[in-house]
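In what follows, every chain begins at residue 1, and chains take the letters A, B, ... in the order their sequences are listed. Atom set for the values below is all heavy atoms of this structure, side chains included, hydrogens, waters and symmetry mates excluded.
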2 protein chains.
Amino acid sequence: MTTNQPDIRQQIVEAAEQRFRHYGYRKTTMAEIAGDLGMSAANLYRYFSNKEDIGAACVECCFKEMELILREVVEKQGLSAEQKLRQFTLTNLDYIYNEAINNPKINELNEMFINERAELLHKKKQVIQSLIAEILAEGNRTGEFRVDDLLKTSESIAAATVAFRFPLFMTLFSKEKFEQLANDVIGLLIQGLARRD
Amino acid sequence: MTTNQPDIRQQIVEAAEQRFRHYGYRKTTMAEIAGDLGMSAANLYRYFSNKEDIGAACVECCFKEMELILREVVEKQGLSAEQKLRQFTLTNLDYIYNEAINNPKINELNEMFINERAELLHKKKQVIQSLIAEILAEGNRTGEFRVDDLLKTSESIAAATVAFRFPLFMTLFSKEKFEQLANDVIGLLIQGLARRD
DNA sequence: ATAATGAATATTCAATAGAATATTCATTAT
DNA sequence: ATAATGAATATTCTATTGAATATTCATTAT
């Protein structure tokens with residue numbers, strides 16, 4: 001890996017993703033990925049230092065797609081901060097749920113790399129957290145919320161909603177039940193338990 | 001498996017747990033478990049229908065131990081409901097964290113069976129939830145909380161604190177950081193985000 | 001120079017066979 | 001009867017080895 005042409009790197013990731021989606025990570029060979037792009041397997045090593053790194057790049061790429069969709073929610077006009085927080089969580093849940101069903105191979109790839117590479121889990125967490133922070137900041141601006149420590153609070157919300165972002169828990173309930181639960185958790189985070197008089 | 005002498009069943013589970021703790025589930029043989037109790041391997045099948053069921057019984061047994069410790073917190077005198085909710089979550093986190101470090105083999109056993117047997121995950125969830133419900137009910141009695149739907153709310157709190165009960169996430173932070181985070185999440189659940197005037 | 005390759009080497013995968021272990025069962029002991 | 005066993009059978013691990021694949025590198029192309 002001596003070069004850095006982002007264009008070719010991106011092409012490689014896309015070709016690999018297609019293969020991974022259909023046949024899975026293990027059943028896909030470097031030769032196949034290279035073949036799809038009309039190059040030799042050896043040449044892939046000019047752009048990635050090994051197959052694992054291509055896998056990890058795919059995982060990041062998949063996550064970026066989800067990030068785009070979530071960002072749309074954050075930037076949507078005409079929603080209150082509370083509505084955004086709800087929709088953010090539900091959109092996230094929906095995406096994970098559908099991905100797990102429609103793209104099991106990609107889902108497996110994701111789980112594989114997230115269990116190995118802590119930095120991926122961390123990066124994901126950071127992005128989610130900063131999107132939540134944006135929603136909170138807006139809530140503060142509109143007077144809906146009164147959050148003093150944005151960073152701390154967004155981290156807490158990210159932690160409290162982690163169940164809705166992890167396939168592992170998806171087996172516990174139906175999607176509808178899960179959506180209900182997500183809604184309830186958001187409600188609690190917004191209103192709290194404490195008595196108000 | 002034709003008999004039901006709980007005494008011998010319990011002895012088997014305990015002998016198995018010792019073996020599993022030292023050598024792991026796979027490296028432990030039925031003959032060894034039986035040998036430790038001075039019986040033949042064949043005789044184990046009078047009490048359990050197979051090795052997996054012994055493993056599952058161990059997992060349940062481990063969980064019951066944790067349940068006892070958590071129940072102590074719930075029943076402790078002189079703590080407010082809020083304090084109990086905090087201590088409950090922190091005790092839980094602590095227990096999982098230490099278990100993961102001090103008994104990796106048992107931890108592995110737990111993860112193994114929880115990924116396979118949904119009913120174990122479900123049972124665990126139920127117990128946690130009902131303990132939380134007890135805390136909430138007390139909060140209602142003392143006027144600290146005003147929770148109308150105990151079941152729904154305890155389910156929400158269980159979901160919101162799941163990160164502090166799963167070894168997977170333990171890699172993300174140090175124990176101290178995690179405790180801080182747990183504290184913050186509980187704070188949010190109690191106070192909520194919404195502006196109060 | 002950078003980009004790419006084919007051939008050489010290192011590593012991983014898959015099939016197999018033999019050993020170890022789980023499970024069953026006919027029989028014995030209490 | 002229930003409890004337990006040893007021996008028989010079924011299943012699951014564990015090496016092993018050849019094949020497939022990943023990775024390196026010396027060389028060629030641009």
* Lys125(A) charged N/C atom sitting above Phe169(B) aromatic ring, 6.0 Å / 45° -> no

* Output all residues satisfying side-chain contact (heavy atoms from CB on, under 4.5 Å) with Ala57(A), sequence neighbours left out; order by chain, then residue number. => Val13(A), Phe48(A)

* For the pair made of CG in Leu44(A) and P in dG6(C), what is the distance, rounded to whole Å? -> 13 Å

* To do: Report the distance from atom NZ of Lys27(A) to atom C1' of dA22(D), rounded to the nearest whole Å.
  => 17 Å

* Asked: If you check the Thr29(A) side chain, which of dT21(D), dA22(C), dA4(C) turns out closest?
  -> dT21(D)

* **Whole-Å distance separating the OH atom of Tyr23(B) from the P atom of dT21(C)** => 14 Å

* Classify the nucleic acid contact of Ser40(B) as base, sugar-phosphate or nothing, counting any heavy atom under 4.0 Å across all strands shown. => base

* **Complementary nucleotide for dA10(D) - Watson-Crick or wobble, under 3.5 Å** => dT21(C)

* Asked: Which comes earlier along DNA chain C counting from the 5' end, the contact point of Ala41(A) or that of Thr28(B), where each point is its nearest nucleotide?
  -> Ala41(A)

* Structure fact -> Assert: residue with more 5' nearest nucleotide on DNA chain C, out of Ala42(A) and Asn43(B), is Ala42(A)

* Asked: Between dT12(D) atom C1' and Asn50(B) atom CG, what is the distance in whole Å?
  -> 14 Å

* Residue-phosphate contact under 4.0 Å: Tyr45(B) side-chain N/O, dT5(D) OP1/OP2 -> no

* To do: Give the rounded distance in Å between these two atoms: CD of Glu32(B) and P of dC13(D).
  => 15 Å

* Starting at atom NZ of Lys51(A), determine the distance to atom P of dA22(D), rounded to an integer number of angstrom. => 5 Å

* To do: May I ask which nucleotide in the shown strands pairs with dA3(C), Watson-Crick or G-U wobble, both distances under 3.5 Å?
  => dT28(D)

* Check: Arg146(B)/Asn140(B) side-chain N/O donor and acceptor closer than 3.5 Å -> no

* Asked: For Asp184(A) and Gln180(A), what are the C-alpha separation, side-chain angles and deciding distance, and is it a side chain to side chain donor-acceptor pair (under 3.5 Å)?
  -> CA-CA 6 Å; Asp184(A) 292 345; Gln180(A) 180 60 54; 3.2 Å; yes

* Structure fact -> Separation of dC13(D) atom P from Tyr25(B) atom OH, nearest Å, is 9 Å

* Quick one: Asp7(A) CG to dT2(C) P, roughly how many Å, whole number? -> 18 Å

* Asked: Is it true that Arg9(B) and Asp53(B) make a salt bridge, defined as a side-chain N closer than 4.0 Å to a carboxylate O?
  -> no

* **Among dA22(D), dA4(D), dA14(C), the one nearest Met30(A) by side-chain distance** => dA22(D)

